[in-house]
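Taking it in order: structure first as structure tokens, then the write-up.
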Amino acid sequence: RDDTPEGRAALGAARHVLSKVGRPDATALRAADMADTAKVFEKTLFNGDGVVPPDAASDLEARQLVLDVIATLGGAPDRGGKEGVDRTRVEAFFAEAAAYAEWCAKGEASPDVMFLGERTAPAHAAVQAVRAKVDDFFVRCGLAAMEPRAATALNRTEPEFAALAAKDLAQAAADVRAFPLARVEPGRALPLEAGVNPAWTGAIEALRRDAVTPILGEGHATLGEAEWRAPVARFAAYEAWLAAKAGAMVEKLGPARVRAILAGGARKAVEALIAKDEAFAPEAAAIEDLVRLVHFHRDLATLLKNFVSFADFYDPRRPAVFQAGTLFLDARSCELCIRVDDPNAHAAIGTLSRCYLAYCDCRRPGGEAMKIVACFTQGDSDYLMVGRNGIFFDRKGRDWDATIVKIVENPISIRQAFFAPYKKFLRFVEEQVARFAASKAKASDQRLEATATKGADAALDGKPPPKAEPVDVGKMVGIVAALGVGVGALGALFGGFVSGFMDLKPWWAKLVAVAGVVLIISGPSVLIAWLKLRHRTLGPILDACGWAVNGRVAINLPLGTALTDRAALPRGARRVLEDPYADEGAKRRRRAFWLAVVVVAIALGAARWFGAWPFGPPFWRR
């Protein structure tokens, strides 16, 4: 619009952007035009961000000041990507420069600090380079004076010199430097020329040239302990001055350059450039508003349809923006997969969704990695466990190796809930049989081990082997009788059920009875699962990812079936039911078993029809 201030600013910004991207005559903006706003400002020196690059200064002195500020305090990138300085950095630089100049002036004005003038700093550096080693030398000489027999150990032992001699001394400089500075003797002075540890020759020469000669005078071939303390004491005021150093960030420029900057007028020129750049702030702000406007125009409807109305999520023709891809695992494909950062933190809220969630680590051969959470909404969970592997395809079609690392269990489907009681019963029977077999095997092993131990002990002692315990016939008879009673009771119970089932009239009553038994067994499990499946919702899953979702976004049974597909045979494929490696003996036994079942069923039916025991009179009397 050109009839409001905001509209005119946006219109001017749009024309400016179009001219920079090479489309000055265009009448519409595209999101691609605003993809990289740095290109809009890359050739402009003043872009409203308050950052001035060196190129913006036409005056050489001001340009050099900008370079000095960047070199000492670091620069800030402007909107065009160039490095420059802002008002905060300029003020901090001059505060550092003023403090450093004041500190330098205090040192130069004190005769105790710079007592050697310009030679004070190298003299102090020479003393500090060898100070610890010289102190160590004089302490060793003092110990040798106290106990002459200790001189040999203080000079290092012969084995230590032999070990050093076995090395390449040109490459073992650190080992040589660890030896004493010179030969230790009681009350000996430190030699400054001959007899010095070769690793310290250069440092001792610098000490003699830069510190000893200027302070003590010429002609010192050795240095006594008292003479050594004199230069060290002279540097006390200098060291105190160094400890109070201020403005260290601009020290690399040197005192002369710092004073020249403080005395010159480059600061005003740079601050004027910064003020000029800040004057363009409204135009730059208009461009930023224009960027938001273009992206709102392109993306706001998509955002609303994915996180307010969830129209894309419920539309089978296209996935929602938060769906990261498809996970293929356990003969199923899961369409509802969402990227997560921390599975443990996500699961704390994600469990409120009432969905079966599998958190997976995904990796690619190049080392790229990410984490996803997949919702299983169809099938069962019998073979879903931590450690199972699958394949994940992202929105770009790239394949990832996926491994389950965490599971949040909830009902998956009515089908799973229906068969769950029978599977639990079978698992319970298998566990009890396995436990019984294990206990009997353990008892048998213990008896065998005890018998073998007794036999071995008897053989070692020269005694005859122990006799086997006699079989308690009465006990065995009691056990057999108890088993017979139990089997008879079970048979009678089973016969009663069969007789009662066969006595049901009319024929459909038998179907009702079967349905009733199934309802009693599977009904509670199915009811609980149905109630939980009705409360499945996507909201907590997105909420745990950081999205503020107000609605519940229900996942009903038909939608859950659509979000997870079960594997099916391709069109034209067929199953081959003949196993080429089948156990033929087992197959014959299974066939014989089922044939016997059919024969028994026919016999029971005929007995019932003709009134044989125990079914009562025949059908014509009834």
Side-chain angles (χ1 to χ4, degrees), residues 68-69 71-73 92-142 173-174 177-178 180-182 187-193 195-264:
D68 290 339
V69 175
T72 54
L73 273 69
F93 174 84
F94 276 92
E96 287 283 313
Y100 180 72
E102 182 181 358
W103 175 75
C104 291
K106 289 181 179 179
E108 294 169 355
S110 174
D112 294 331
V113 174
M114 306 295 289
F115 62 94
L116 295 178
E118 295 181 354
R119 300 173 62 184
T120 306
H124 179 260
V127 170
Q128 289 298 109
V130 298
R131 185 170 182 173
K133 202 67 179 178
V134 173
D135 289 340
D136 174 78
F137 172 77
F138 285 122
V139 171
R140 288 174 182 268
C141 290
R177 289 177 65 87
L181 199 56
R188 187 187 182 196
L190 174 67
L192 299 180
E193 296 177 351
V196 178
N197 185 328
W200 291 91
T201 302
I204 293 299
E205 173 59 25
L207 174 68
R208 185 189 64 79
R209 181 187 66 247
D210 296 333
V212 174
T213 299
I215 297 175
L216 302 178
E218 298 284 350
H220 282 77
T222 61
L223 188 68
E225 184 174 4
E227 293 174 318
W228 162 248
R229 302 301 175 195
V232 172
R234 290 294 303 273
F235 285 109
Y238 181 81
E239 291 174 352
W241 175 69
L242 285 179
K245 180 186 292 185
M249 299 184 71
V250 299
E251 183 180 10
K252 64 172 68 176
L253 300 178
R257 174 58 183 159
V258 170
R259 291 191 181 99
I261 291 173
L262 293 174

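Keep in mind the model is a prediction, meaning the values are calculated, not measured.
Every side-chain contact (heavy atoms from CB on, under 4.5 Å) that E193 has, sequence neighbours left out, goes to A221. Here R257 pairs with D68 under the side-chain hydrogen bond (donor to acceptor under 3.5 Å, both in side chains) rule; sequence neighbours left out. Every residue meeting the side-chain contact (heavy atoms from CB on, under 4.5 Å) condition with A189, not counting sequence neighbours, appears here in chain and number order: T222. Residues meeting the side-chain contact (heavy atoms from CB on, under 4.5 Å) test with A129, sequence neighbours left out: none. Under the side-chain hydrogen bond (donor to acceptor under 3.5 Å, both in side chains) criterion, N197 pairs with no residue at all, not counting sequence neighbours. Residues satisfying the side-chain hydrogen bond (donor to acceptor under 3.5 Å, both in side chains) test with D135, not counting sequence neighbours, are W228, R229. Evaluation of the salt bridge (Lys or Arg N to Asp or Glu O under 4.0 Å) rule for D210 yields no partner, not counting sequence neighbours. Remark: R188 pairs with no residue by the side-chain hydrogen bond (donor to acceptor under 3.5 Å, both in side chains) rule, at least two apart or across chains. Considering only residues two or more places apart in sequence or on other chains, R208 meets the side-chain contact (heavy atoms from CB on, under 4.5 Å) condition with L192, E205, T213.
Scanning both residues, A206 and A126, for their nearest heavy atoms gives O-CB, 3.7 Å. When every heavy atom of A92 is checked against every heavy atom of L73, the shortest pair comes out as CB-CD2, 3.6 Å. When every heavy atom of F138 is checked against every heavy atom of L190, the shortest pair comes out as CZ-CB, 4.0 Å.
For residues 238-250, the pairs satisfying side-chain hydrogen bond (donor to acceptor under 3.5 Å, both in side chains) are H124-E239, R131-E239, K245-E251, with sequence neighbours left out. Applying the side-chain hydrogen bond (donor to acceptor under 3.5 Å, both in side chains) test to pairs two or more places apart or on separate chains, those with a residue in residues 100-110 are E108-R259.
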Under the side-chain contact (heavy atoms from CB on, under 4.5 Å) rule, what do E227 and L216 come out as? Steps first, then yes or no, please.
CA-CA 8 Å; E227 293 174 318; L216 302 178; 4.1 Å; yes

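Proximity of I204 to V130: side-chain heavy atoms (C-beta onward) are separated by under 4.5 Å at one or more points. For the pair I261 and L253, the minimum side-chain heavy-atom distance is below 4.5 Å. A 4.5 Å side-chain heavy-atom check between W200 and L207 finds every atom pair outside the cut-off.
K252 places a side-chain N or O within donor-acceptor distance of the main-chain N or O of A71, the cut-off being under 3.5 Å.
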